[in-house]
S.K.: 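Just passing along the structure, written as structure tokens.
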Protein chains: 2
Amino acid sequence: MGITKTEIFTDEQNRLAIQLKAIAHPARIAILQELIKANACVCGDLVGELGLAQATISQHLKELKNAGLIQGTIEGVNVCYCIEPTAWKNLQDELNGLFSSYQCGNQNCC
Amino acid sequence: MGITKTEIFTDEQNRLAIQLKAIAHPARIAILQELIKANACVCGDLVGELGLAQATISQHLKELKNAGLIQGTIEGVNVCYCIEPTAWKNLQDELNGLFSSYQCGNQNCC
DNA sequence: ATATTCAATCGCAATATTGCGATTGAATAA
DNA sequence: TTATTCAATCGCAATATTGCGATTGAATAT
């Protein structure tokens, strides 16, 4: 490859990139929306709602969890997933910062 | 691979995923921040600011442009890049919708 | 004409990702 | 015990991505 040169970027830029990468897949967006709607889900619920195989959903859940965006707690036989409130809020704030830092100097942008 | 099953997701989910994917790289976050700060940049400016090769910057600019997040206008010898205001606003709104749709039912999330 | 100076594209090697079937593991049910 | 039912992991084939050197192309200098 060309390994991404993380060392030349700030921690914030690297963290933000990792979390956005985790969200940047339609299946994971759908999973997050379903988790928000239902408040909490086990893997099987999501397999039922979306049209993907159990192994695939499980992989996506793992990636979202690795990025810290969701949490999973064992609930009897199942693992119950839900949004990780702190990370969610942090990401929301950081994105808000990025997006609102742009004030269109309208007509003469270029 | 397993080709992403775009057909089972909504257009909004697919569009959002594509645009987030474009942002989900520290170099591209840095490029966007620099474009916002400077209002507009040519490729060479960014090569100077970030520590990446010209070819690499050019690739990243292309991806951001493909995603519709930036626009490039020819300015004499150079191409001048800046944020595409409409897409930027749209993405901001969609992200805001996604993030604010979550109201933490706090303690008993899982 | 030749050199310079940009941005864009090509080509490539080194991974990373995606989706899924198959397997494993853990917990309960019969 | 044996069967069932979950989630997680492994392994794999088919791409996709990343970074960069090298090349190309276009525009201006000398």
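Keep in mind the model is a prediction, meaning the values are calculated, not measured. First the proteins, then the strands, lettered A, B, ... as listed; each starts at 1.
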S.K.: Measuring to OP1 and OP2 of C:dA8, would you say a side-chain N or O of B:S58 lies under 4.0 angstrom away?
M.R.: yes

S.K.: Would you mind reading off the distance between B:I74 atom CD1 and D:dA27 atom P, rounded to a whole angstrom?
M.R.: 8 Å

S.K.: Roughly, in whole Å, what's the span from CD in B:Q59 to P in D:dT17?
M.R.: 11 Å

S.K.: Where the side chain of A:Y81 is defined as all heavy atoms beyond and including C-beta, which of D:dA7, D:dG19, C:dG19 is the nearest nucleotide?
M.R.: D:dA7

S.K.: How about B:D93 and B:W88: do any of their side-chain heavy atoms sit closer than 4.5 Å?
M.R.: no

S.K.: Would you mind reading off the distance between B:K5 atom NZ and C:dT18 atom C1', rounded to a whole angstrom?
M.R.: 12 Å

S.K.: Counting Watson-Crick and G-U wobble pairs only, both distances under 3.5 Å, name the nucleotide matched with C:dG11, or none.
M.R.: D:dC20

S.K.: Could you tell me the separation between the CD1 atom of A:I57 and the P atom of D:dA7, rounded to a whole number of Å?
M.R.: 10 Å

S.K.: Within the pair A:H60 and C:dT17, is there a side-chain N or O less than 4.0 Å away from OP1 or OP2?
M.R.: no

S.K.: Side chain of A:T4 only, heavy atoms from C-beta on: which candidate in C:dC20, D:dC20, D:dT18 is closest?
M.R.: D:dT18

S.K.: Given the rule that I, L, V, M, F, W and Y join up when any side-chain heavy atoms are under 4.5 Å apart, are A:I57 and A:V77 in one cluster?
M.R.: no

S.K.: Just compare D:dA8, C:dC20, D:dG19 and give me whichever is closest to any side-chain atom of A:L52.
M.R.: C:dC20

S.K.: When you group the ILVMFWY residues by side-chain heavy-atom contacts below 4.5 Å and let the links chain together, are B:I70 and B:I36 in the same group?
M.R.: yes

S.K.: For DNA chain D, whose closest nucleotide is more 5', that of A:C43 or that of B:A24?
M.R.: A:C43

S.K.: Take the protein atom CG of B:N14 and the nucleotide atom P of C:dT18, then report the distance between them rounded to whole Å.
M.R.: 13 Å

S.K.: Quick one: A:Q54 CD to D:dT4 C1', roughly how many Å, whole number?
M.R.: 15 Å

S.K.: Atom CD1 of B:I23 to atom P of D:dT17: distance rounded to whole Å?
M.R.: 16 Å

S.K.: Mind checking whether B:V42 and B:V79 have side chains closer than 4.5 Å, heavy atoms only?
M.R.: no

S.K.: Should A:R28 be listed as having a side-chain N or O under 4.0 Å from OP1 or OP2 of C:dT18?
M.R.: yes

S.K.: Which one of A:R28, A:H25, A:K21 satisfies the side-chain hydrogen bond (donor to acceptor under 3.5 Å, both in side chains) criterion with A:E63?
M.R.: A:R28

S.K.: Looking at the side chain of A:A53, which of D:dG19, C:dC20, C:dT18 is the nearest nucleotide?
M.R.: C:dC20

S.K.: Measure CD/B:E63 against P/D:dC20 and give the value in whole Å, please.
M.R.: 14 Å

